Asker: 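Take this structure, written in structure tokens, and hold onto it; I'll ask about it next.
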Amino acid sequence: MHIASVLVRNTALLNPSIRPSSQTVRNVTKIASYCKPAGNRFLNGHNLYGTRNARICSYNQGYASVKKVQNVRHYSKKANQEEEETADIKDDPPLFSSQLPATVAVPEVWPQVPVIAINRNPVFPRFIKLIEISNPALIDLIRRKVKLNQPYVGIFLRKKEDEKSDVVSSLDDLHDVGVFAQIHEMQDMDYKLRLVVMAHRRIKITGQFIEDEIETGPAESDAERRRRKYRNTRRQRNDTDAEQEKEVQDTKDAKKPPPDQLMMVKVENMMHEKFQQNEEVKALTQEIIKTIRDIINMNPLYRESLHHMLAQGQRVVDDPVYLADLGAALTAAEPKDLQPVLEEMDIPKRLLLSLSLLKKEYELSKLQQKIGKEVEEKVKQQHRKYILHEQLKVIKKELGLEKDDKDAIGEKFRERLADKVVPPAVQTVIDEELNKLNFLESHSSEFNVTRCYLDWLTSLPWGVSSEENLKLEDAQVILHEDHYGMEDIKTRILEFIAVSQLKGSTQGKILCFHGPPGVGKTSIARSIARALNRKYFRFSVGGMTDVAEIKGHRRTYVGAMPGKLVQCLKKTNTENPLVLIDEVDKISKGVHGDPSSALLELLDPEQNSNFLDHYLDVPVDLSRVLFICTANVLDLIPEPLRDRMELIEMSGYVAEEKLAIAQQYLIPTARKNCGLTEEQINITPEALHTLIKSYCRESGVRNLQKHIEKIARKVAYKLVKKETSSLSVTDENLSELVGKPTFKHDRMYDVTPPGVVMGLAWTAMGGSTLYIETAVRNTMQGEKQSGSLELTGHLGDVMKESARIALTVARNYLKDRQPTNDFLNTSHLHLHVPEGATPKDGPSAGVTIATALLSLALQRPANTLAMTGELTLTGRVLPVGGIKEKIIAAKRVGVTCVILPEDNRRDFDDLPSFIREGIDVHFVSVYDDVFKIVFDGKV
């Protein structure tokens, strides 16, 4: 039965010899009502995708012509296959049921249509558009309308472009004017519906339409009635009623749109105003056609678009209405520019709007063509230049005027080594690398690595050295010109020159200048280089954590480079430069090694003649390099590294030295930097003395330089504002220029009370005075018990041990002198060192702490003096360091009597006479001498 139905339908409908009359269609339909269709369904419209289960009808002049019928083969796994087929056939709807459109002619008036909101380009009449909708309610509505033979929708442009929904909530979200469109194809894609629609005419929204009842199709035919009765007899009534009730309820629920969504609207047709084919319309028409032709000639992409638009083959020239819509649809204008064309009912005005859009599109195409030509011309020029260069290179190579790149590179490297004395070991490596370079491809990574390696090897100054200055007089003049004082350093450099003069050759040396900041350690190195006529190179190792900075990287690493010393030799182009390694005491240790250990080889005179860099991997002679290191604190330098250097101390300056430095160097430099003359600014010696005493008490002169530059800037500001023509800086107006004094008092105590003694300390900033204060913590009288000592003032471990040693020495000394006095044994004592935020450490405060404890126990104030020295448990006084800084600190606060250890007598004798003047120094070897000086020998 199934095969027979297919044969009958194919013969009746697809055989061209049979005339498709209405009687034939009815007969075939009557037969098909008792047969299962061959799995084919028909949709109205042209199927562009060839999908199965699709009804395909094309509507032309009210006739239905079947385009395509596909057969589907069915399989059954049960024995009663024939009965199931019969049941399935009776369940399926007829071929042309009431739910599908048989013949559709576009009506002239259709008052209610579903609404499809679009974002971008509006649709113009007679144009086709592909639309995808995803709103479930709208999808259900369109399915129902197509099933009811009403495949019509209204397409309107949304006012807000940022929203992507297919439906809107109110009429205010849409433009009033849209198009009435017919659905030509509908493809169901599960959660999405794809429509191919064709617009027919302009329509305008008049209001919202809400459906209250469910539409139904035409009345049932006899065949359908018989099939329904047969189906009802085969099924159980209860189950059938329940399922039908559920389907009706679901249909009702689905057809009720959400209250906040606009599904259908009432519309009316919009007819354009009558117009005549006058000269204006003809001119506009011809101009539009000309502009379209120009756009097509300029941009071929529009040719294909226009070909699809004009597929119907009608003459556009004779229809200005369609021509206006065609011109607007051809452009890629904004929606706000296209919607007025759709709304305009005056044909001449619509033609003018369309022409303006086409002109804009034409100008855009011209600009696009211009940019494309410029880019193409640029590419052609570059390609032509490359071709000419390659041709020129080949011609020169054939004529012998130019060699290959590899040969040119090899010759360049050999020319560099022509005037150099290269060691045999290094020359062997260079020759091997040059030979390897000839066998490598120029585009390979190994070629670039080898070329860079040869570049470094041939750039080093093998056997090249600068001529040194071996005249003592010239070097002495240069050193005195740049720096004041520093006799130790100047003498050492002159000794170096004298030795070189006697030997007839120069040699390297490793010097280390250590001292507080601002005393000129870095600047004196530059002066030494100028005095010796050596090239100067400086690099800082402060905070350095990578050994590769000193020793270089391995060549296997990407971006590998040699170390700082090899870079220094290449930059200075000499084997005997002066290398300043700054901040050697601040070097760090990290995950990439310990740079201070790498410096051991570099700064060892026995090893640096064959210094091996990781990158070069050949020995480099650094024995003729003069190394100068700078540091603030020697204790932070590792002992093996300190042992390899010749240490030269650079102590701080006293007030007289600061005054001379300011007058000879700092003031002229500041005057020059600020553009002032000697007549415009004058700083008196009294003002300088006040500046040094009340503002700049540190050991160096860096802070003094900042204050002098500040004064020069203030004077320059007054001169530019024409407040004065010149200014003399005195004590009276100094505070107006640099502010209030930083140091108001020379010392904390004018007269020290019992339990307080002044000591002397050395810091990285120079020398300073240090007071030791002692007091009793618990003054209540009670049962005698052992005493205690509490220490405050941010003291280090060494200084705490010195305090406990001093307490033991003081107890024993007091027991020998006053056996009945057990104050130090029974009292709870508190020892404090002022300026608690400053860390303090070291053994040099031992004698000062013991003297303060005895002064408290005897309740006798000490004489006005300062002292320093390490105290042992047996009462001996050991030597300490920083004697010059401590004497300078004592003189700065006006102390004239100082107690020093006996072993420091030679350090005091080496001081300049102007520092020793006015100081009464007592040298002691045991604490009994200290006690006699402080308390005048009275117990």
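Along the sequence shown, residues carry numbers from 1. None of these values were measured; they are calculated from a predicted model.
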Asker: Is the shortest heavy-atom distance from the side chain of Leu157 to the side chain of Ile118 under 4.5 Å?
Answerer: yes

Asker: Compare every heavy atom of Phe156 with every heavy atom of His175, then report the nearest pair and how far apart it is.
Answerer: O-CD2, 3.6 Å

Asker: Just so I know, are the side chains of Val146 and Met186 near enough to count as touching, which here means a heavy-atom distance under 4.5 Å?
Answerer: yes

Asker: For the backbone of Arg293 and the side chain of Asn297, can you confirm whether one donor and one acceptor N or O come within less than 3.5 Å of each other?
Answerer: yes

Asker: What pair of heavy atoms forms the shortest contact from Ile292 to Gly327, and how long is it?
Answerer: CD1-CA, 4.4 Å

Asker: Supply the atom-to-atom distance Gln369 CD to Leu364 CG, rounded to the nearest 0.5 angstrom.
Answerer: 12.0 Å

Asker: Tell me whether Lys266 at atom NZ has more than 12 heavy atoms from other residues, nucleotides or ligands lying less than 6.0 Å away.
Answerer: no

Asker: Minimum heavy-atom separation for Pro320 to Leu351, with atom names?
Answerer: O-CD2, 3.5 Å

Asker: Salt bridge between Lys380 and Glu376, side-chain N to carboxylate O under 4.0 Å?
Answerer: yes

Asker: Would you indicate whether the side-chain heavy atoms of Arg202 and Phe124 approach each other to under 4.5 Å?
Answerer: yes

Asker: For Asp173, enumerate each residue passing the side chain to side chain donor-acceptor pair (under 3.5 Å) test, keeping only those at least two apart in sequence or located in another chain.
Answerer: Ser169

Asker: Show the nearest heavy-atom pair for residues Ala181 and Ile155, with the distance to one decimal.
Answerer: CB-CD1, 3.8 Å

Asker: Side-chain polar contacts of residues 332-348 - donor-acceptor pairs under 3.5 angstrom, sequence neighbours left out - could you list them?
Answerer:
{"unit_1": "Gln339", "atom_1": "NE2", "unit_2": "Val177", "atom_2": "O", "d": "3.0"}
{"unit_1": "Gln339", "atom_1": "NE2", "unit_2": "Glu343", "atom_2": "OE2", "d": "3.1"}
{"unit_1": "Glu344", "atom_1": "OE2", "unit_2": "Asp346", "atom_2": "N", "d": "3.1"}

Asker: Starting at CD1 of Ile133, measure out to CG of Leu195 and round the result to the nearest 0.5 Å.
Answerer: 5.0 Å

Asker: Given the rule in the side chain to side chain contact (heavy atoms under 4.5 Å, CB included) test, do Val168 and Lys160 qualify, once you have shown the distances and angles that lead to the verdict?
Answerer: CA-CA 11 Å; Val168 293; Lys160 297 181 180 179; over 6 Å; no

Asker: Measure the CD-CG distance between Glu361 and Asp294 for me, rounded to the nearest 0.5 Å.
Answerer: 13.0 Å

Asker: Is the count of non-hydrogen atoms from other residues, nucleotides or ligands lying under 6.0 Å from Met189 atom CE greater than 12?
Answerer: yes

Asker: Taking Lys145 for the side chain and Tyr152 for the main chain, is one N or O donor matched with an acceptor at less than 3.5 Å?
Answerer: no

Asker: Taking it one step at a time, do Asn269 and Ile203 satisfy side chain to side chain contact (heavy atoms under 4.5 Å, CB included)?
Answerer: CA-CA 5 Å; Asn269 295 341; Ile203 56 176; 3.7 Å; yes

Asker: So, do Arg350 and Asp325 sit near enough that their side-chain heavy atoms are less than 4.5 Å apart?
Answerer: yes

Asker: Which atoms form the tightest heavy-atom contact between Ala324 and Ser354, and what is the distance?
Answerer: O-OG, 3.0 Å

Asker: Would you call the rings of His272 and Phe275 parallel, tilted or perpendicular if under 30° counts as parallel and over 60° as perpendicular?
Answerer: tilted

Asker: Out of the candidates Val197, Val123, Val196, only one should pair with Ile128 under the side chain to side chain contact (heavy atoms under 4.5 Å, CB included) rule; please name it.
Answerer: Val196

Asker: Show the numbers, then the answer: is there a side chain to side chain contact (heavy atoms under 4.5 Å, CB included) between Tyr362 and Lys290?
Answerer: CA-CA 11 Å; Tyr362 178 62; Lys290 177 180 176 297; over 6 Å; no

Asker: So does Glu287 pair up with Lys359, basic N to acidic O under 4.0 Å?
Answerer: yes

Asker: How long is the span from the CG atom in Leu174 to the CG atom in Asp172, to the nearest 0.5 Å?
Answerer: 9.0 Å

Asker: Using side-chain heavy atoms (C-beta onward) and a distance below 4.5 Å, is Thr331 in contact with Lys360?
Answerer: no

Asker: Rounded to the nearest 0.5 Å, what's the gap from CD1 on Ile205 to CG on Leu262? Could you check?
Answerer: 7.0 Å

Asker: With a 4.5 Å cut-off on side-chain heavy atoms, are Ile139 and Tyr191 touching?
Answerer: no

Asker: Within the structure provided, determine whether Val167 and Val115 are in side-chain contact (heavy-atom separation under 4.5 Å).
Answerer: no

Asker: Got a sec: does the CD of Glu374 have more than 12 other heavy atoms crowding it under 6.0 Å?
Answerer: yes

Asker: Counting neighbours of CD on Glu108 that are heavy atoms of other residues, nucleotides or ligands and sit closer than 6.0 Å, is the number greater than 12?
Answerer: no

Asker: Which class fits the ring pair His200 and Phe180: parallel under 30°, tilted 30 to 60°, perpendicular over 60°?
Answerer: tilted

Asker: Side chains of Val267 and Phe209, heavy atoms from C-beta outward: is any pair under 4.5 Å?
Answerer: no

Asker: Please list all pairs meeting salt bridge (Lys or Arg N to Asp or Glu O under 4.0 Å) that have one or both residues in residues 128-139, counting only residues at least two apart or in different chains.
Answerer: Glu132-Lys192, Glu132-Arg194

Asker: Which value, rounded to the nearest 0.5 Å, describes the distance between Gln382 atom CD and Ile387 atom CD1?
Answerer: 12.5 Å

